[in-house]
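Take a look at the structure below.
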Amino acid sequence: MLTKRKSGEASRAKHQAVVAGLPQTLDRRSFLRRSGLVAGGLAAAGSLRLGAVREAKAAGSSAVGPETVIRKNICTHCSVGCTVTAEVVNGVWVGQEPSWASPINRGTHCAKGAAIRELVHGERRLKYPMKIVNGEWQRISWEQAIDEISEKLKVIREKNGADSVYWLGSAKFTNEAAYLFRKLGAFWGTNNVDHQARICHSTTVAGVANTWGYGAQTNSYNDIRNAKTMIILGGNPAE
């Protein structure tokens with residue numbers, strides 16, 4: 001139903017209709033304006049040439065400008081080692097892209113890899129040593145933290161022996177860091193050294209060993225991609 005634009009009844013009737021769930025009224029000017037927009041849109045669509053609409057493509061780096069520095073590193077979430085392209089402005093990691101030139105991830109990221117920048121700028125990230133003093137966390141220096149931890153370790157060793165300490169390595173260790181960590185345990189005087197990744201993937205090791213006869217992978221990820229494989233979706237394999 002068309003109503004006059006200046007009619008006060010039109011506005012009230014519109015709100016009442018919305019509340020009651022009834023069809024809304026439309027004034028004469030709004031009707032003409034909307035009709036004009038529809039007609040203009042159809043005319044614009046008709047004027048498009050066949051080549052005017054193109055496939056969307058990646059625009060490259062999300063951060064642009066002469067101050068942007070591109071740095072490449074390796075994602076630390078798992079053993080695949082995907083390349084991460086970091087976009088740094090004034091020393092701040094402002095964006096990232098998966099590396100298209102990487103032979104590992106080839107321009108892709110998993111959900112963890114796509115969020116790896118949040119580990120650097122996350123509010124919950126621990127950036128310096130903290131100690132509970134009088135029931136509250138307080139920041140201390142690295143020198144104080146190392147001195148206090150080493151003194152407590154010496155007391156434990158003198159009282160209970162070297163085997164009383166269990167050294168557990170981080171899954172984020174590189175090969176070199178894992179080697180040095182193992183050396184630290186040896187100089188401490190114990191063989192109680194383990195790696196978090198072995199504990200985390202203990203069930204995987206058992207499953208792979210029962211399936212393939214060996215509890216670890218013996219080939220590289222590139223071998224998997226380049227291998228000639230047959231996928232059986234179901235039914236009779238001979239069919």
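All residue numbers refer to positions in the sequence shown, counting from 1.
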Does [X] reach the main-chain N or O of [Y] with its side chain, forming a donor-acceptor pair under 3.5 Å?
X: Arg157; Y: Val165; value: no
X: Glu97; Y: Glu87; value: no
X: His195; Y: Leu168; value: no
X: Asn192; Y: Asp163; value: yes

Smallest separation among heavy atoms of [X] and [Y], with atom names:
X: Trp93; Y: Ile116; answer: CH2-CG2, 4.0 Å
X: Cys82; Y: Asn105; answer: SG-CB, 3.4 Å
X: Tyr128; Y: Trp142; answer: CA-CZ2, 4.2 Å
X: Gly113; Y: Cys75; answer: CA-SG, 4.1 Å
X: Gly189; Y: Ala162; answer: O-CB, 3.6 Å
X: Tyr166; Y: Asp194; answer: OH-CB, 3.2 Å

Requested in this report: Carefully, step by step, assess Arg117 and Val84 under the rule side chain to side chain contact (heavy atoms under 4.5 Å, CB included).
Outcome: CA-CA 10 Å; Arg117 190 173 67 93; Val84 177; over 6 Å; no
Query raised in the report: With a 4.5 Å heavy-atom cut-off, do Asn191 and Arg182 have their side chains touching?
Result: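 Yes, close enough: below the 4.5 Å cut-off.
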Requested in this report: Flag yes if more than 12 heavy atoms outside Phe187 fall under 6.0 Å of its CZ atom; otherwise flag no.
Outcome: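 No - once you tally the heavy atoms of other residues, nucleotides and ligands closer than 6.0 Å, there are 12 at most.
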Linking I/L/V/M/F/W/Y whenever their side-chain heavy atoms sit closer than 4.5 Å, directly or via other members, would [X] and [Y] fall into one cluster?
X: Ile149; Y: Met130; value: no
X: Tyr179; Y: Leu184; value: no
X: Ile156; Y: Val193; value: yes

Report task. Evaluate the side chain to side chain donor-acceptor pair (under 3.5 Å) criterion for residues Thr83 and Ser99: first the C-alpha distance (whole Å), next the side-chain angles of each, then the deciding distance (0.1 Å), finally the verdict. Result -> CA-CA 6 Å; Thr83 302; Ser99 178; 4.9 Å; no
Query raised in the report: Going from NZ on Lys131 to CD on Gln144, what distance comes out if it is rounded to the nearest 0.5 angstrom?
Result: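 Answer rounded to 0.5 Å: 5.5 Å.
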